[in-house]
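Lettering follows sequence order; numbering is per chain, from 1. Basis for what follows: all heavy atoms, side chains included, without hydrogens, waters or symmetry-related copies.
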There are 2 protein chains.
Amino acid sequence: MASEHQLAPNEIDGLLTQFHEYLDKKQLRSTRQRDIVAKTFFGLSGHVNVDELLAHARTRSPKLGYATVYRTLKLLTECGLAAERRFGNESRVYEVAGDTAHHDHLICVECGHVLEFENEEIERLQDKVARSFGFTLVRHKLELYGMCPRARGIRGGSCPSEKLSGDGDAEAASK
Amino acid sequence: MASEHQLAPNEIDGLLTQFHEYLDKKQLRSTRQRDIVAKTFFGLSGHVNVDELLAHARTRSPKLGYATVYRTLKLLTECGLAAERRFGNESRVYEVAGDTAHHDHLICVECGHVLEFENEEIERLQDKVARSFGFTLVRHKLELYGMCPRARGIRGGSCPSEKLSGDGDAEAASK
DNA sequence: GTATCTGCAAATCATTTGCATTCTA
DNA sequence: TAGAATGCAAATGATTTGCAGATAC
């Protein structure tokens with residue numbers, strides 16, 4: 001999918017430690033399942049949906065259920081290690097925190113493929129706007145919806161915008 | 001709600017005409033219910049959710065059902081007269097098209113109140129980014145989440161950010 | 001030991017769909 | 001009149017919740 005790099009094992013451990021610290025602080029318990037869900041999540045890249053995460057996590061803990069995954073993702077989101085996203089009408093996907101801070105999304109309205117980009121200047125302006133209203137910016141969500149070059153020409157045809165993203169990954173047929 | 005102005009009757013009629021043209025073009029039928037839903041929608045300002053819209057529309061057509069409202073909103077969205085939004089985990093709300101073109105949202109993470117803003121410069125940059133990927137920008141969604149001044153000081157207290165927006169409308173207790 | 005967590009199944013919520021009936025072109 | 005739209009109710013899909021048993025502290 002988009003432009004994410006797998007995290008290195010030591011990075012994963014770092015995030016897991018942060019998770020544990022959060023659990024401690026909130027006097028919640030550190031359990032085998034929570035660790036599995038968290039580590040599995042950190043090990044995945046890009047936009048992770050609940051089904052995917054559950055499937056992967058079940059290789060380590062077969063009886064794991066949706067409820068636990070949802071509950072754990074909620075915790076991860078609370079402590080900032082995961083970020084929820086929703087594109088168009090799709091259902092939720094989650095991203096690992098590290099990525100989160102500084103990238104936004106460019107979505108092809110024809111083929112649905114999602115690219116990621118960063119733009120310091122836009123971020124700066126966002127901050128400025130927020131401050132002008134007296135707000136302290138916590139996070140933001142910017143999604144650009146457009147037509148990729150192919151889609152614009154060949155309306156109705158397939159729209160392999162991923163060919164443009166430089167990470168050659170054929171997931172456009174999804175959904 | 002945010003900073004919307006009620007549309008004038010002639011503006012509403014204009015939009016309704018556009019809707020009819022779209023229906024024509026698609027060879028769909030113009031019906032009493034569709035008109036009622038559309039006009040009711042155009043007459044509401046700000047972020048309209050389906051329940052609200054249904055409730056209002058039922059004053060004119062009591063047996064109107066959810067299905068029709070959803071189906072009509074889908075049409076309105078297709079032809080660009082409505083825009084779907086989704087903030088955080090809330091369910092969908094719709095905005096009338098006119099508004100849509102050039103404003104984005106600033107949301108207080110404490111009190112949930114939503115302000116609107118416009119920023120030409122950000123728009124320009126968005127366009128630039130999209131073009132740099134070869135995309136033609138169709139629409140965008142920018143949401144800034146932050147803490148309003150009161151919330152930052154008085155954590156846990158109420159967060160009447162609407163007091164700042166200059167349109168003195170007390171809907172913060174919503175949700 | 002006790003409060004918290006898990007896993008299951010049942011519940012909920014928003015949205016969509018099937019179908020008999022009603023209406024528009 | 002034929003094809004499309006409505007309104008109801010039932011279906012769906014995603015997410016949440018209740019609860020009995022398992023587990024962490």
Between the first and last five pairs of the helix from C/dG1-D/dC25 to C/dA25-D/dT1, the angle of the axes, rounded to 10 degrees: 30°
Review item, nucleotides 10-12 of chain D N/O atoms under 3.5 Å of protein N/O:
none

Output the rounded distance in Å from [atom1] ([X]) to [atom2] ([N]).
{"X": "B/R60", "N": "D/dT6", "atom1": "CZ", "atom2": "P", "value": "16 Å"}
{"X": "B/L23", "N": "D/dA5", "atom1": "CG", "atom2": "C1'", "value": "11 Å"}
{"X": "A/I36", "N": "D/dT23", "atom1": "CD1", "atom2": "C1'", "value": "14 Å"}
{"X": "B/L75", "N": "C/dT16", "atom1": "CG", "atom2": "C1'", "value": "14 Å"}
{"X": "A/D51", "N": "D/dG13", "atom1": "CG", "atom2": "C1'", "value": "10 Å"}
{"X": "B/R92", "N": "C/dC13", "atom1": "CZ", "atom2": "P", "value": "18 Å"}
{"X": "B/R86", "N": "C/dC13", "atom1": "CZ", "atom2": "C1'", "value": "12 Å"}
{"X": "B/D35", "N": "D/dA5", "atom1": "CG", "atom2": "C1'", "value": "13 Å"}

Which residues satisfy the salt bridge (charged side-chain N to carboxylate O under 4.0 Å, His left out) test with [X], sequence neighbours excluded?
{"X": "B/R139", "answer": "none"}
{"X": "B/D127", "answer": "B/R131"}
{"X": "B/E84", "answer": "B/R92"}

Can you list the residues that meet the side-chain contact (heavy atoms from CB on, under 4.5 Å) rule with A/K26, with sequence neighbours excluded?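 A/K26: side-chain contact (heavy atoms from CB on, under 4.5 Å) contacts with A/Y22, A/L28.
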Which residues pass the side-chain contact (heavy atoms from CB on, under 4.5 Å) test with B/H20, not counting sequence neighbours?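 Only B/L16, B/L23, B/S30, B/D35 meet the side-chain contact (heavy atoms from CB on, under 4.5 Å) criterion with B/H20.
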Let me see the working for B/L73 and B/L53 under side-chain contact (heavy atoms from CB on, under 4.5 Å), right down to the final yes or no. CA-CA 10 Å; B/L73 279 171; B/L53 179 51; 3.9 Å; yes
Along DNA chain C (nearest heavy atom to each residue), the more 5'-positioned of B/S30 and B/Y70: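 Looking at DNA chain C, the more 5' nearest nucleotide goes with B/Y70.
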For [X], all residues meeting side chain to side chain donor-acceptor pair (under 3.5 Å), sequence neighbours excluded:
{"X": "A/R32", "value": "A/S61"}
{"X": "A/Y145", "value": "A/E143"}
{"X": "B/Q33", "value": "none"}
{"X": "A/D24", "value": "none"}

Could you run down nucleotides 3-9 of chain C 5' to 3' and tag each one B, S or - for protein heavy-atom contact under 4.0 Å? BBSBBB-
Between B/V69 and B/L64, is there a side-chain heavy-atom distance shorter than 4.5 Å? yes
